Visitor: 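This structure is in structure tokens; I'll ask about it shortly.
Quick caveat: nothing in here was measured; it's all calculated off a predicted structure.
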Amino acid sequence: MLQKIKNRNGFTLIEIMIVVVILALLAALVAPKIMGRSDDARIADAKVQIRNMETGLKLYKLDNAVFPTTEQGLQALVTKPTTGVIPKNWRSEGYLEGQKVPQDPWGNDYVYISPSEHGDYEICSYGADGVKGGEGKNADICNYNIQ
């Protein structure tokens with residue numbers, strides 16, 4: 001009978017508690033670093049989306065000699081405008097992949113202004129708070145300030 005007890009495989013309560021404590025310590029150290037990265041990932045995603053929309057706008061201008069107006073908005077890249085300057089050479093498949101204007105990573109619409117004080121147009125996400133201005137994760141991300 002003693003041989004059966006000695007040959008029993010398994011973990012003791014103490015060993016399990018030690019593993020749980022180690023996992024809790026690792027989670028306490030790693031979780032804050034991972035949580036801070038989600039904001040960085042959203043900012044990077046917004047920059048990529050803005051660059052993609054810029055490409056669509058440039059193709060739109062190549063075909064139609066003008067950029068969409070503020071009134072027509074970014075929607076002109078996926079649906080042929082019916083107001084303002086009607087594009088004569090608008091591509092039937094549109095100018096953005098997925099035939100949809102994306103929202104920024106925080107679920108807000110991008111702001112499009114054309115003409116703009118920063119050039120022919122500007123595309124902006126107002127960051128996590130959705131309000132113009134701010135710092136950190138709330139900072140505006142616009143095509144003219146992306147490096």
Visitor: How many angstroms lie between atom CD1 of Ile43 and atom OG of Ser38, to the nearest 0.5 angstrom?
Guide: 9.5 Å
Visitor: Run the numbers on Tyr126 and Trp106 for side chain to side chain contact (heavy atoms under 4.5 Å, CB included), then give the verdict.
Guide: CA-CA 9 Å; Tyr126 289 153; Trp106 297 276; over 6 Å; no
Visitor: Taking Gln72 for the side chain and Val85 for the main chain, is one N or O donor matched with an acceptor at less than 3.5 Å?
Guide: yes
Visitor: As an exercise, state the distance from CG of Asp104 to CD1 of Ile123, rounded to the nearest 0.5 Å.
Guide: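 Reported value, rounded in 0.5 Å steps: 12.5 Å.
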Visitor: Rounded to the nearest 0.5 Å, what separates atom OH in Tyr60 from atom CG in Leu74?
Guide: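 If we round to the nearest 0.5 Å, Tyr60:OH and Leu74:CG are 11.0 Å apart.
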Visitor: Can you name the one residue among Asn64, Val66, Asp63 that meets side chain to side chain contact (heavy atoms under 4.5 Å, CB included) with Pro87?
Guide: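 Filter result, single survivor: Asn64.
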Visitor: Would you compute the distance between atom OG1 of Thr83 and atom CD of Glu71 and round it to the nearest 0.5 angstrom?
Guide: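 Those atoms lie 4.0 Å apart.
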Visitor: What closest approach, in Å, do Leu77 and Met53 show between heavy atoms, and which atom pair accounts for it?
Guide: CD1-O, 4.0 Å
Visitor: For side chain to side chain contact (heavy atoms under 4.5 Å, CB included), just list the numbers for Arg91 and Leu59, CA-CA rounded to whole Å, side-chain angles, deciding distance to a tenth of an Å, and then say yes or no.
Guide: CA-CA 10 Å; Arg91 289 176 35 183; Leu59 291 171; 4.0 Å; yes
Visitor: How about Ile14: does its CD1 atom have over 12 heavy atoms from other parts shown lying under 6.0 Å from it?
Guide: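 At most 12 heavy atoms, drawn from other residues, nucleotides or ligands, come within 6.0 Å of this atom.
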Visitor: About how many Å separate CZ of Phe67 and CD of Glu54, when rounded to the nearest 0.5 Å?
Guide: 9.0 Å
Visitor: Is it the case that atom CD in Glu15 sees more than 12 heavy atoms from other parts of the structure closer than 6.0 Å?
Guide: yes
Visitor: Should Val111 and Glu122 count as side-chain neighbours, where that means a heavy-atom distance under 4.5 Å?
Guide: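 A side-chain contact under 4.5 Å is absent here.
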Visitor: For Ile86 and Pro81, which heavy atoms make the closest approach, and how far apart are they?
Guide: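 For Ile86 versus Pro81, the nearest heavy atoms are CD1-O, 3.6 Å.
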Visitor: Does Ile141 form a side chain to side chain contact (heavy atoms under 4.5 Å, CB included) with Ile146? I'd like the steps, not just the answer.
Guide: CA-CA 7 Å; Ile141 305 164; Ile146 295 176; 4.2 Å; yes
Visitor: Output yes when a side-chain donor or acceptor of Thr70 lies under 3.5 Å from a complementary backbone atom of Ser114, and no otherwise.
Guide: yes
Visitor: Roughly how far apart are Ile50 CD1 and Asp45 CG, rounded to 0.5 Å?
Guide: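 The CD1 atom of Ile50 sits 10.0 Å away from the CG atom of Asp45.
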Visitor: Please check: side-chain N/O of Trp90 versus main-chain N/O of Ala76, any donor-acceptor pairing under 3.5 Å?
Guide: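 The answer is yes, because a donor-acceptor pair under 3.5 Å joins these two groups.
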Visitor: Does any part of the side chain of Pro68, heavy atoms only, come nearer than 4.5 Å to the side chain of Leu57, both counted from C-beta?
Guide: yes
Visitor: Is the backbone N or O of Gln49 less than 3.5 Å from a side-chain atom of Tyr110, with the two atoms forming a donor-acceptor pair by type?
Guide: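 No; zero donor-acceptor contacts below 3.5 Å.
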Visitor: Taking side chain as C-beta onward, heavy atoms only, is Cys124 less than 4.5 Å from Tyr144?
Guide: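 Yes. Closest side-chain heavy atoms under 4.5 Å.
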Visitor: Take a 6.0 Å sphere around NZ of Lys80 and say whether it holds more than 12 heavy atoms from other residues, nucleotides or ligands.
Guide: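 More than 12 heavy atoms, drawn from other residues, nucleotides or ligands, come within 6.0 Å of this atom.
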Visitor: Check for me, please, whether Tyr95 and Val78 land in the same ILVMFWY cluster - side-chain distances under 4.5 Å, paths through other members count.
Guide: yes
